[in-house]
Amino acid sequence: MARLAYPGPNAVAAAAEALRNGDLVGLPTETVYGLAADATNPQAVAKVFAAKRRPRFNPLIAHVADLAMAEAIAVFDEPAQALAAAFWPGPLTLVLPRRSGSDRAVCDLACAGLDTVAVRLPSHPTARQVIAALGRPVAAPSANVSGRPSPTRANHVCEELGDATALVIDGGPCAVGLESTVIAPPREGFAGALLRLGGLDRERLEAVCGPLVRPDVDPKAPRSPGQTLRHYAPRAVLRLNAEHARQGEAFLGFGRTCRFAHLNLSTKGDVVEAAGNLFAYLRALDSAGFPGIAVARIPADGLGEAIQDRLSRAASAHDPIAHP
Ligand code: TXA
Ligand code: MG
């Protein structure tokens with residue numbers, strides 16, 4: 001079972017040492033907790049896939065401590081530089097051409113054999129301190145078993161992946177609560193692609209890099225494997241845009257009018273607050289044993305678009321037509 005540590009120099013040194021030894025660490029970031037491994041070490045990365053029971057074709061994000069480390073593992077052209085300057089550190093992942101040949105190069109397994117690499121500079125100070133202390137990029141998918149909601153509290157990581165980790169750092173609840181937005185920046189006359197909605201909203205990105213297209217998902221050959229439908233699923237059956245609970249359902253509310261909710265994502269009706277609570281509340285209602293969860297309508301503005309995306313994936317996980 002993992003040791004639990006609180007942010008500080010001792011925890012940072014212990015985490016870097018565990019990563020250097022090829023072990024896994026539960027690492028807080030501003031989006032969700034990550035299951036961290038040394039991204040240059042294929043044996044360590046293999047442990048991540050095994051612990052998450054994650055299909056091998058799904059590549060991992062390489063987390064860096066600064067721009068110099070990012071440029072050592074990926075090629076930044078002008079649009080990528082502009083995006084990094086505007087939004088890093090923060091909840092944005094850039095899919096870029098991969099650079100190999102250095103001792104900091106991300107291993108093939110972490111990139112699932114692609115010639116691109118997903119790079120992110122997190123804003124959480126502990127995450128950055130650990131990566132800087134290791135001196136190498138850190139591969140960190142969300143620290144949940146594949147298909148389960150992402151962890152936004154240290155205890156979620158301990159409960160689900162405690163046995164797989166040498167250490168879990170408890171950085172408190174994640175400030176953003178949704179995974180990073182994943183984009184492939186525009187290149188050579190082609191529009192950029194919005195590969196995964198997430199903690200940075202589309203409007204802010206498009207103001208810097210122009211319109212982003214959402215590539216259609218071919219379930220047999222997903223361009224970004226995180227787009228496959230069965231994802232982020234609690235055990236309970238989800239019913240969306242509900243006005244109230246039916247028999248056997250818990251009600252997950254949003255806004256002031258939802259007075260009879262078991263839990264309310266944001267009584268103020270604030271989508272940013274709702275994003276921060278989403279995964280923790282789904283988990284809480286799930287573990288309370290409700291067979292169904294009715295979820296109030298969430299507006300589509302700002303982070304609401306990403307919340308709707310996560311909810312519809314979670315709801316469709318139980319749909320026999322979407323998943324024969
Ligand atoms: O907020 C986050 O991004 C969290 C925290 C821990 O940083 N990490 C996270 O990682 O959500 P993960 O592995 O669960 O999601 C990575 C996403 C997946 O949808 C994957 O398919 C996509 O990024 N991805 C990774 N490399 C890619 C690549 N080369 N091309 C296209 N998509 C890629
Ligand atoms: Mg994930």
Side-chain angles (χ1 to χ4, degrees), residues 24-37 39 45 48-49 51-64 73-75 87-99 106-124 126-128 130-131 137-152 154 156-157 160-161 169 171 174-185 192-200 214-215 217 221-233 275-276 279 306 309-310 313-314:
L24 307 186
V25 171
L27 194 65
T29 85
E30 73 279 18
T31 57
V32 299
Y33 277 76
L35 181 63
V45 171
V48 171
F49 285 107
K52 280 185 65 87
R53 288 180 249 134
R54 177 168 177 139
R56 291 270 157 124
F57 58 71
N58 200 351
L60 307 178
I61 295 170
H63 296 69
V64 294
I73 63 170
V75 181
F87 300 114
W88 277 1
L92 173 66
T93 295
L94 298 175
V95 173
L96 300 171
R98 207 173 143 193
R99 228 187 257 286
V106 176
C107 68
D108 281 333
L109 182 58
C111 298
L114 300 173
D115 55 10
T116 52
V117 61
V119 191
R120 172 160 121 76
L121 176 53
S123 66
H124 197 291
T126 307
R128 287 171 67 189
V130 168
I131 302 163
V138 162
S142 48
N144 53 283
V145 170
S146 274
R148 298 272 300 140
S150 292
T152 53
H156 301 159
V157 184
E160 217 162 282
L161 289 168
I169 301 183
C174 298
V176 177
L178 289 177
E179 299 86 345
S180 60
T181 302
V182 181
I183 71 167
L194 179 53
L195 300 173
R196 179 175 75 179
L197 290 159
L200 186 62
R214 291 211 66 189
V217 183
R223 172 112 185 258
S224 184
Q227 290 190 318
T228 46
L229 272 176
R230 196 185 159 74
H231 221 75
Y232 315 109
F279 289 133
D309 170 78
R310 297 301 188 276
R313 283 165 203 279

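No hydrogens, no waters, no symmetry mates; every other heavy atom, side chains included, goes into these values. Order of appearance sets the numbers: ligands from 1, and atoms from 1 within every ligand.
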Practice item. Could you say whether the N/O atoms of T31 and ligand 1 ever approach to under 3.5 Å? Key: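 Yes; the residue has a nitrogen or oxygen that sits under 3.5 Å from a nitrogen or oxygen of the ligand.
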Review point. Is the shortest N/O to N/O distance between K52 and ligand 1 below 3.5 Å?
Key: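 Looking only at distances, the answer is no, because the N/O contact criterion of under 3.5 Å is not met.
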Distance under 4.0 Å to a non-hydrogen atom of [X]: what atoms of ligand 1 satisfy this?
X    : result
P141 : 10 (O), 12 (P), 13 (O), 14 (O)
A140 : 6 (C), 8 (N), 10 (O)
G34  : 6 (C)
A118 : 25 (C), 26 (N), 27 (C)
T116 : 28 (C), 29 (N), 30 (N)

Would you mind reporting whether [Y] and [X] have side-chain heavy atoms less than 4.5 Å apart?
X    : Y    : answer
I183 : L200 : no
V119 : W88  : yes
P151 : S142 : yes
P215 : L195 : yes

Check your understanding: Short question: side chain of R98, backbone of V106 - any donor-acceptor pair under 3.5 Å?
Key ->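 Confirmed, R98 side chain pairs with V106 backbone.
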**Study point:** R128 side, atom CZ; L121 side, atom CG - distance, nearest 0.5 Å
**Key:**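 So the CZ of R128 and the CG of L121 are separated by 5.0 Å.
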Review point. Rounded to the nearest 0.5 Å, how far apart are CG of D115 and CG of L96?
Key: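 It comes to 11.5 Å.
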Exercise for review: With heavy atoms only and a cut-off of under 4.0 Å, state how R196 meets ligand 1: side chain, backbone, both or neither.
Suggested key: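 The side chain, only.
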Practice item. Determine whether the side chain, the backbone, both or neither of V95 has a heavy atom under 4.0 Å from any heavy atom of ligand 1. Key: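 Answer for V95: side chain.
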Review point. Does ligand 1 have an atom that lies less than 4.0 angstrom from a heavy atom of R98?
Key: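 The answer is no: ligand 1 sits nowhere under 4.0 Å from a heavy atom of R98.
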Check your understanding: Of all the heavy atoms in C111, does at least one lie under 4.0 Å from an atom in ligand 1?
Key ->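 Per 4.0 Å heavy-atom rule, C111 does not contact ligand 1.
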Practice item. Look at the N, O or S atoms of S142, main chain and side chain alike, and state whether any lies under 2.8 Å from the Mg ion (ligand 2). Key: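 Short answer: yes, at least one N, O or S atom is under the cut-off.
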